[in-house]
Amino acid sequence: MKTLEINFDGLIGPTHNFAGLATGNLAATKSKSNTSHPKKAALQGLAKMRLLHQLGLRQGFVPPQERPDFITLRQFGFTGTEKAILEKVGQSNENLLARVYSSSFMWTANAATVSPSADTKDRKIHITPANLATLPHRALESPATTRMLKEIFFDQKIFQHHPALPTDGVHFDEGAANHLRMCAEYDGPGIEIFVYGNSAVSGVRPQKFVSRQSLEAAQVNVKKHKLRQEQAIYVQQNPKVIDSGVFHNDVIAMNNQGFLIFHEDAFVGKSGFLKELQAKFLKFTGRSCLIEEIPKKRLSVKEAVKTYFFNSQLVSLPSGRMVMIAPQEYFESSSARSLIEEIVQKDNPVQKVMAVDLKESMLNGGGPACLRLRVVVNEKELTGIRENYLLDEKKIRQLENWVRKHFRDELNLEDLKDAQLLKETRTALDELTELFGLGNIYEFQI
Ligand code: SUG
């Protein structure tokens with residue numbers, strides 16, 4: 001077996017809702033207070049997982065986190081029975097209620113930064129969970145994510161788990177969504193590109209929205225992951241695109257192996273960055289990388305945000321050719337469609353584009369690439385992953401049945417006040433734990 005990339009998708013949870021908590025994320029802001037469809041959302045996520053599995057890729061999943069998050073509620077001074085706590089918070093702080101009910105853990109591209117063993121000095125796979133320190137509803141994911149990643153990637157001889165960076169007003173980290181790994185083959189050394197919004201202490205920054213990734217966080221991750229400095233590149237995201245709704249790099253650039261596609265306006269100091277990338281790539285892989293720059297004349301930043309063109313999943317098939325898994329929204333845009341047709345025809349590894357319907361996640365600003373965490377493993381390293389989290393058709397069907405049985409068709413923000421929802425989510429997660437033998441991943445909530 002060759003070294004391969006496994007996508008770990010976040011399983012969308014039973015409380016998926018539209019609370020408009022993600023400032024700077026235009027889709028989520030626009031969807032605020034709309035009725036959500038948790039069952040449909042989770043089935044859409046699973047359909048994408050099935051597609052990748054059917055294409056011959058290994059596919060994993062990360063279970064939903066427990067919601068509501070009573071640890072956070074107790075930190076805010078709420079006491080008494082769970083029912084009483086929910087009643088009190090529902091009456092006094094609707095924003096906090098939405099926060100602790102958020103299903104935002106589904107976007108596992110924000111779960112962690114992962115460096116494969118081919119890049120690290122100690123030949124271990126290094127994992128740092130994101131602290132997601134910018135937005136309160138996302139920050140509360142980090143402790144549970146840390147625990148789940150340790151459970152999934154259980155063999156600590158193979159996986160080096162680091163704690164999330166401290167929440168100190170300097171180290172803002174949103175994980176793999178701002179990290180591109182360029183390599184010739186998955187088992188060879190790669191160049192790890194760390195895209196940051198701004199330095200927390202100096203330099204230009206966006207004016208309207210905040211940057212969610214700081215240079216300082218990226219620098220610590222490079223050091224902790226034991227990457228050679230010559231194998232790392234730091235590049236700043238253009239503050240203007242952040243102000244236009246590009247809240248993560250994966251909304252404006254994508255890559256797989258040695259192929260990078262990015263928007264003309266994505267980066268500050270673009271030509272210096274590209275030179276550095278080409279030189280380092282050649283030095284470490286002995287090959288040239290392939291770069292496709294999308295001019296703004298062909299696709300404006302606004303259209304990129306609307307269509308989520310760059311949030312496609314670019315994946316390698318067992319044949320070595322690549323497929324682009326694209327949100328169906330971008331087939332609705334003629335400029336995005338014609339760009340794709342061109343990319344497929346050009347001399348590059350992309351063989352075809354396939355559309356996926358992820359409308360429920362998209363309405364919260366999460367496309368195909370947001371929903372997955374990439375983990376590159378060789379045959380031996382694969383044994384360090386708990387089998388329960390790797391999918392086959394039977395398990396996908398079990399998950400679909402579980403969703404159909406437990407998830408609501410519709411959810412409104414008002415429903416979060418209903419103690420019945422707590423009961424339903426508990427029952428659902430209990431059954432998932434049993435069905436998949438997930439051990440004690442939820443016990444720490446008590
Ligand atoms: O952090 N949306 C997420 C979307 C994350 C997408 N991930 C990547 N681009 N990798 C966010 O903005 C919306 C939830 C709400 O508003 O209720 C939200 O959190």
Side-chain angles (χ1 to χ4, degrees), residues 7-10 12-13 15-38 41 45 48 62 64-65 67-69 94-114 130-142 145 172-180 195 197 209-213 237 241-242 245-255 266 304-313 325 327 329 358-374 411-413 415-416:
N7 288 284
F8 284 85
D9 279 44
I12 296 172
T15 67
H16 156 67
N17 68 79
F18 298 120
L21 300 174
T23 316
N25 169 342
L26 304 182
T29 304
K30 199 167 157 207
S31 301
K32 184 176 177 172
S33 301
N34 284 356
T35 302
S36 66
H37 304 90
K48 174 168 91 81
V62 181
Q65 297 191 3
R67 295 289 181 265
D69 177 358
E94 288 187 0
N95 178 280
L96 181 60
L97 184 69
R99 196 190 296 176
V100 298
Y101 257 119
S102 175
S103 182
S104 54
F105 48 75
M106 68 169 82
W107 299 295
T108 48
N110 304 120
T113 305
V114 182
N131 62 14
L132 292 156
T134 306
L135 297 171
H137 74 290
R138 301 233 50 190
L140 58 82
E141 291 165 36
S142 193
T145 301
F172 296 93
D173 185 12
E174 305 241 333
N178 297 316
H179 178 234
L180 301 158
V195 186
F209 298 130
V210 292
S211 144
R212 301 216 211 160
Q213 182 81 38
Q237 201 176 355
V241 302
I242 297 180
V246 180
F247 56 98
H248 288 134
N249 174 63
D250 65 9
V251 180
I252 198 86
M254 62 176 143
N255 90 305
V305 173
K306 194 164 164 237
T307 60
Y308 259 42
F309 178 91
F310 294 96
N311 202 260
S312 300
Q313 252 177 283
I325 312 293
E329 280 71 2
L358 294 168
K359 195 162 197 323
E360 286 289 318
S361 169
M362 286 284 286
L363 288 169
N364 254 337
C370 301
L371 284 162
R372 62 95 169 89
L373 180 68
R374 303 194 265 195
L411 198 65
N412 290 297
L413 293 180
D415 299 329
L416 304 183

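Order of listing sets the numbers, starting from 1, for every ligand and every atom in it. Everything numeric here is computed off the predicted structure, so don't read it as measured data.
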Output for ligand 1, non-hydrogen cut-off under 4.0 Å, lists Ala19, Gly20, Leu21, Ala22, Asn25, Ala28, Ser104, Trp107, Ala109, Asn110, His137, Arg138, Ala177, Arg212, Phe247, His248, Asp250, Asn364, Gly365, Cys370
Sequence neighbours excluded, the answer for salt bridge (Lys or Arg N to Asp or Glu O under 4.0 Å) partners of Glu360 is none
Could you measure the distance from the NE2 atom of His179 to the NE2 atom of His248? Nearest 0.5 Å is fine.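 So the gap between those two atoms works out to 14.5 Å.
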Report task. Can you measure from CG (Asn17) to CZ (Arg67) and round to the nearest 0.5 angstrom? Result ->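 Asn17 CG to Arg67 CZ: 10.5 Å, rounded to 0.5 Å.
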**Q.** Under the side-chain contact (heavy atoms from CB on, under 4.5 Å) test, residues paired with Lys30 that sit two or more places apart
**A.**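 Checked Lys30 against side-chain contact (heavy atoms from CB on, under 4.5 Å); zero matches.
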Across all chains, not counting sequence neighbours, the ring-ring contact (aromatic ring centres under 6.0 Å, His included) partners of Phe247 are none
Please tell me whether Glu141 and Ser104 have a donor and an acceptor in their side chains that are separated by less than 3.5 angstrom. yes
